[in-house]
Amino acid sequence: QARLVESGGGSVQVGGSLTLSCEPSDSIINTNYLAWFRQAPGTEREGVAAIYGKWTDYSTSVKGRFTISRDSPGATVYLQMKSLQPEYTGVYYCAAAFRGGLPLREKSYGSWGQGTRVTVSS
């Protein structure tokens, strides 16, 4: 069973920054694709960023504010978030075990972490 451990969430004021981490366990078969999703209260999970080697993709809502990165294949993946706004509040999940399809779609991934909460307040 794939295991992903997120960390780095917390409370921050508008305009602040946070960096989230997602550490894959050794048991994960496929971490070539890895993505971050956000779930705001009362909404479905929304893909915000994905990474595959040197390729990255971002949702329109976070492009220019968030940066996804990893040092090497299979290593911890980071999501650097800057200029945070209240609409970025939610639980952030790391996803792996890509099944194919669009990299920012929830159904494209088979393994999920437990999530880390981010709260942006004014």
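Note that the numbering runs from 1 along the sequence shown for the chain.
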Under 3.5 Å donor-acceptor, Thr119 side chain and Ser11 backbone: no
Side chain proximity check, Val14 to Pro86, heavy atoms < 4.5 angstrom: yes
Modelled atom types, side-chain donor and acceptor of Ser69 and Thr67, under 3.5 Å: no
Derivation and outcome, ring pair (Phe, Tyr, Trp, His ring centres under 6.0 Å), residues Phe66 and Tyr58: CA-CA 8 Å; Phe66 290 11; Tyr58 299 92; 8.1 Å; no
Within 6.0 Å of CD in Gln85, more than 12 heavy atoms from elsewhere: yes
Backbone of Phe37 reached by a side-chain donor or acceptor of Arg45 within 3.5 Å: no
Common cluster, Ile68/Tyr78, ILVMFWY with side-chain heavy-atom separation under 4.5 Å: no
Sidechain-backbone polar pair: Arg117 side chain, Val91 backbone, donor-acceptor under 3.5 Å: no
Contact check, side chains of Val118 and Thr89, non-hydrogen atoms, under 4.5 Å: no
Side-chain (Ser108) to main-chain (Leu102) donor-acceptor, under 3.5 angstrom: yes
Between CG on residue Leu20 and CD on residue Gln80, distance to nearest 0.5 Å: 10.5 Å
Steps toward side-chain contact (heavy atoms from CB on, under 4.5 Å) verdict (Val48, Leu104): CA-CA 7 Å; Val48 297; Leu104 293 181; over 6 Å; no
Nearest heavy atoms of Ala50 and Tyr109, plus distance in Å: CB-OH, 4.0 Å
Heavy-atom check, side chain of Val5 versus side chain of Cys22, under 4.5 Å: no
Aromatic plane relationship, Tyr93 with Trp112 - under 30° parallel, 30 to 60° tilted, over 60° perpendicular: perpendicular
Interatomic distance, Ser17 atom OG to Arg65 atom CZ [nearest 0.5 angstrom]: 10.5 Å
Rounded distance (nearest 0.5 Å) linking atom CG of Leu79 with atom CH2 of Trp36: 6.0 Å
Ring geometry between Trp55 and Tyr33 (parallel below 30°, tilted from 30 to 60°, perpendicular above 60°): perpendicular
Donor-acceptor pair, side chain of Glu6 and main chain of Cys94, under 3.5 angstrom: yes
Approximate separation, where rounding is to 0.5 Å, of Thr56 OG1 and Ile51 CD1: 6.5 Å
Closest contact, heavy atoms only, Ser21 versus Thr76: CB-CG2, 4.1 Å
Same apolar cluster (I L V M F W Y, side chains within < 4.5 Å links), Val62/Met81: yes
Distance (rounded to the nearest 0.5 Å) between Glu46 CD and Arg105 CZ: 12.0 Å
Validation row: Glu23, Arg3 side chains within 4.5 angstrom (heavy atoms): no
Heavy-atom side-chain contact between Gln13 and Val120 under 4.5 Å: no
